[in-house]
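Quick note on labels: first sequence line is chain A, next is B, and so on, each numbered from 1.
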Amino acid sequence: MTAAVPTLATQYDPFATEPTWQAFWEERGFYVADPEQDGETFSMVLPPPNVTGRLHMGHAFAFALPDVVTRYKRMNGFNVLWVPGTDHASIGVHTVLEKQLNQEGKTRFDLGREAFLARAWAWKEESQSTITGQLRRLGLSLDWSRERFTMDEGLNKAVIEAFVRLYDAGLIYRAEYLVNWCPASQSAVSDIEVENKEVQSHLWHFRYPLAEEPDTYLVVATTRPETMLGDTAVAVHPEDDRYKPLIGKSIKLPIQDRLIPIVADEYVDPEFGSGCVKITPAHDPNDFEIGKRHNLPFINVMNKDGSINENGGPMQGLDRFDARKEIVKWFEEHELLERIEDYTHSVPYSDRGGVPIEPYLSIQWFCDVSGMASHCLEESHQQNPKFAPDRWTKVYEGWLEKLRPWCVSRQLWWGHQIPAWYVAGNGDPQAYVVARDEDEAYERAREKYGAGVQLERESDVLDTWFSSGLWPFSTLGWPEKTPDLERYYPNSLMSTGFDIIFFWVARMTMMGTQLTSDCAMPFADVYINGLVRDENGAKMSKSKGNGIDPLELMDRYGTDALRFALIKEVVGAGQDVRLAYDRKTGESSTVEASRNFANKIWNASRFVMLNLEGKTPAQLGEPAVEHLEWCDRWILSRFHSTTQQVTEQIERFGMGEAARSLYSFIWDEFCDWYIELVKPRLRSEDETAKITARQVLATVLEGTLRLLHPWMPHITEEIWQTLTQCERQTSISVQRYPAAEERLIDATSEADFAIALDIIRTLRNLRAEANLPPGKPITAILQSQNETERSVLARAREYICDLGRVESLTVTEALAEEPKQVAAGVVGTIQVLVPLAGLVDIEALRAKLEKDLGKIEGEITGIRKRLDNPGFIKKAPADVVAGNHKHLAELEKQAEILRDRLNKLS
RNA sequence: GGACGCAUAGCUCAGUUGGUUAGAGUACCACGUUGACAUCGUGGGGGUCACUGGUUCGAGUCCAGUUGCGUCCACCA
């Protein structure tokens, strides 16, 4: 909107303006970084959303916060880069596609790898464009020219390079291990992809007969009866007198008729249950350890889909849960079922697959992270990286301390295929080479296995977090030494959620310090945002179905309103926020309040522009100091105080506090007071006064828009473009951020001004209490024996008359004559009197005075008590004691005035 | 089982290093549409600061414990 005489509609319409500016910013490349440009570097990478669908409220929140920082830094002259992108989400997409296939009655194996991957890419295209559209809709100042995808060509190259380098450093190996197996996706998953759920189930107590004395048995308990098929021992505590004599003897395992030993192990808690534990080394992590300690056989009784395999004897072919029923039935029928106990315990579920995971013995690829982790731990003790809020450091370090080898292989198709080749026809699982491509693989293989070797590529793909771990540098061109990498790496800040400190932050710090040339941390600071809770304070989740769609709220209230609402609720750096929401109507009072705020800004700007006679702030110029009125100096002082606060707050990641400072400055001070105070001058005949008023309005509004821009980028751009009439030649987002000018901040004057405003409030209050119509002019008498107060009143005379609708104002040291019937109030030691003509409700006036007096007397009692306390006088700081004395004197004066008034009422 | 966060007005939340009898938004009540804005203005009512104890001249604020809510981690069959 750039008409010659700027005008604005009476209501702000975010839906027309927001997309316009989003397109403008991108087309004009305001956020495209140039590594050759000057300026201190500020770089970030966006945590890449998964291409599994669409963005949720957590994204809107987690991205709006760093956008404030990014825009703030950019306006402060930093050379800013913020890289956008998306994540291929290996198992996530895989699960989505398998569900689709399932509905078609097919499996991925029916389709084949190639066709499956074609589907995956098609899905990715669709989801990615949805997501990037939503990121644009949030108004994030991302550099879209550098958009990346974790499986694009460059990143694939980085992933291969990283894997090969880690392998060459001896940190990648293949081993048989008990992994978390997801029977739904038929793949290994990492520890953190497992979610423990409380489940009401049973504890089945089985009788295991001794081999030598079939009538004697030990009782073992289990929550997973089907695993008994793979039992290879029963363990008891070595000091348990009940069982000591049995150690070394054998059990005849029911159903399987296998002889298994009774072993002694410290792990067994003699107090729990019978004190005997069945040991299934191939299907339980603890049993796995015991199995290794006692050299027990590892019998895998399950197939990859969770059904019982050929080692399961008569149960072969049954699904694990059907087998469970059959086995319990078998024990019951053979009178070997001791009892069934109700039992609530937690069961590990596959995050993505949604089914209980199975500890499963298989050969997998592992990354030895112990060295990287301990290095990161040392760095962390030096606050590298530095977490905000710092309590997350403990969480991060706690994770690094107990890290186990990272299982990086997944038996999936969608993802980065592991760059390893097996020697064809060789049964040895360790006969393989790792290489960057097939040529290099053959080169390496020939060296190791001879000239005629034939190779087959590993079909497993890598854990998604392997590529995510490289994100801060892979997006900048690593392993090439690109100008971007040189300039923007390490990143300045990583802004993300606490839920992926383990998944992601730790992987990035480990991979970054291991792989990049100077072993630097990938980022200096980590800002951890809280989570958006639903209207009841619960975490939003798919399974609970309590999510709130950010798009719906943006459709209803606009992007700026949603952004501002979310950020305004944040306390400190990274407290959770709760979003008010009515599920029936789709309304959110929180976001609505911010929408109203946007409209307020809009209308205030509209008022200002209607009074500038088509001139821009630059054309009007700065106001001349000698022409400034008191209220002009006051609003300028408040503007610079606010600027100072906002700057300090944002530097500490206090985006919420800063938002609230801005809110109250704009609404309460600029709109409610300053605009009202300046109106008479705009209508006056005094040209100098009029011009000064315009200049101040224009200056403060223009500065305020820049100050607010990082929070509400669209509306500030819209108004600023109109205000400055810059014809889209530039953008507010690349203007200088306001700097606080301390010489314009005057705390004393602000305090005096507050007295004047209090007088106006008191007059309004008296008017309302006395039932005088708001429009009716009144007479007012302000009496004070204090000279300073009288001088404040003198300076504020016009403001008081104007906003208090006072047609006759008397400021006096002593009352000359007593008006008969008056409404009375007190500000400081100023007596505020409004004579009332005609009939008045004496009792109502008395009640009000008595109420005021009662409150003041209560306060007086409190202060007296304090001042009478010798301990207080002796120990409290002198200025506090003096302050109390001063306040007491003022209160007593007020009480005296009110008592006097009450006496005169009758 | 361990860790972290939270508890202040009907609701959502502020309350800076302890210092005058606790603030805002929203909801509610009354009044008001004179040229920025009814997505508004003015005024008003509304709180035993979860509970118990402690430190202190003084506690919403610091300490300990209790209860409730939220979140994360771990997990004994």
Give one of base, sugar-phosphate or nothing for [X], where a contact means two heavy atoms less than 4.0 Å apart.
X      : answer
A:A580 : nothing
A:E676 : base
A:W667 : sugar-phosphate
A:S664 : nothing

State whether the number of non-hydrogen atoms from other residues, nucleotides or ligands found under 6.0 Å of A:K544 atom NZ is greater than 12.
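Result for NZ/A:K544: enclosed.
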Does [N] have OP1 or OP2 under 4.0 Å away from a side-chain N or O of [X]?
X      : N     : answer
A:K394 : B:C4  : yes
A:K539 : B:C72 : yes
A:N765 : B:G44 : yes
A:K544 : B:U71 : yes
A:R224 : B:A77 : no
A:K848 : B:G44 : no
A:Y343 : B:A77 : yes
A:K776 : B:U42 : no
A:W602 : B:C40 : no
A:R578 : B:U12 : yes

Return the 5'-most residue of the pair A:G871, A:P773 with respect to RNA chain B, ranking by each residue's nearest nucleotide.
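So the residue in question is A:P773.
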Pick the closest RNA chain B nucleotide for A:P270 and for A:A876 by heavy atoms, then say which residue is nearer the 5' end.
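Residue closer to the 5' terminus by nearest nucleotide: A:A876.
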Both distances under 3.5 Å, Watson-Crick or G-U wobble: report the partner of [N], or none.
N     : value
B:A77 : none
B:G60 : none
B:U26 : B:G10
B:G41 : B:C31
B:G5  : B:C69
B:C49 : none

We want to know whether A:H237 and A:D265 form a side-chain donor-acceptor pair, criterion being a heavy-atom distance below 3.5 angstrom.
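A:H237 vs A:D265: no donor-acceptor pair found between side chains.
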Without decimals, in angstroms, what is the distance between [X] [atom1] and [N] [atom2]?
X      : N     : atom1 : atom2 : result
A:N599 : B:C40 : CG    : C1'   : 9 Å
A:L772 : B:U42 : CG    : P     : 18 Å
A:D668 : B:C40 : CG    : P     : 13 Å
A:F597 : B:G41 : CZ    : C1'   : 17 Å

Between B:G43 and B:C62 - P atom distance, rounded Å
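After rounding to an integer number of Å, I get 34 Å for this pair.
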In Å and rounded to the nearest 0.5 Å, what is the CG to CZ distance from A:D287 to A:R293?
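One finds 10.0 Å between CG of A:D287 and CZ of A:R293.
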Out of B:C76, B:G44, B:C31, whichever nucleotide has its closest atom nearest the side chain of A:P774:
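The listed nucleotide nearest to A:P774's side chain is B:C31.
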From B:C76, B:C37, B:G19, nucleotide with atom closest to A:F872 side chain
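Selected nucleotide (nearest to the side chain): B:G19.
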Any N or O donor-acceptor pair linking the side chain of [X] to the base of [N] at under 3.5 Å?
X      : N     : answer
A:E769 : B:A30 : no
A:R764 : B:U42 : no
A:S346 : B:C75 : yes
A:R805 : B:U34 : yes
A:K568 : B:A24 : no

Using the six-membered ring of A:Y663, assess whether NZ or CZ of A:K568 lies under 6.0 Å from its centre and within 45 degrees of the ring axis.
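Yes, a cation-pi geometry holds between A:K568 and A:Y663.
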Is it true that the NZ or CZ of A:K679 lies under 6.0 Å from the centre of A:F607's six-membered ring and within 45 degrees of the ring axis?
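Flagged: A:K679 positioned over aromatic ring of A:F607.
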Ring pair (Phe, Tyr, Trp, His ring centres under 6.0 Å) with A:W392: which of A:F387, A:F502, A:F498?
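So, applying the ring pair (Phe, Tyr, Trp, His ring centres under 6.0 Å) to A:W392 and each of A:F387, A:F502, A:F498, only A:F498 qualifies.
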Lys/Arg-Asp/Glu bridge criterion (N-O < 4.0 Å) met for A:D868, A:K865
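Between A:K865 and A:D868 there is no salt bridge, as every charged N stays at least 4.0 Å from the carboxylate O atoms.
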Would you confirm whether the ring centroid of A:Y12 sits within less than 6.0 angstrom of the ring centroid of A:W602?
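Yes, the ring centres sit under 6.0 Å apart.
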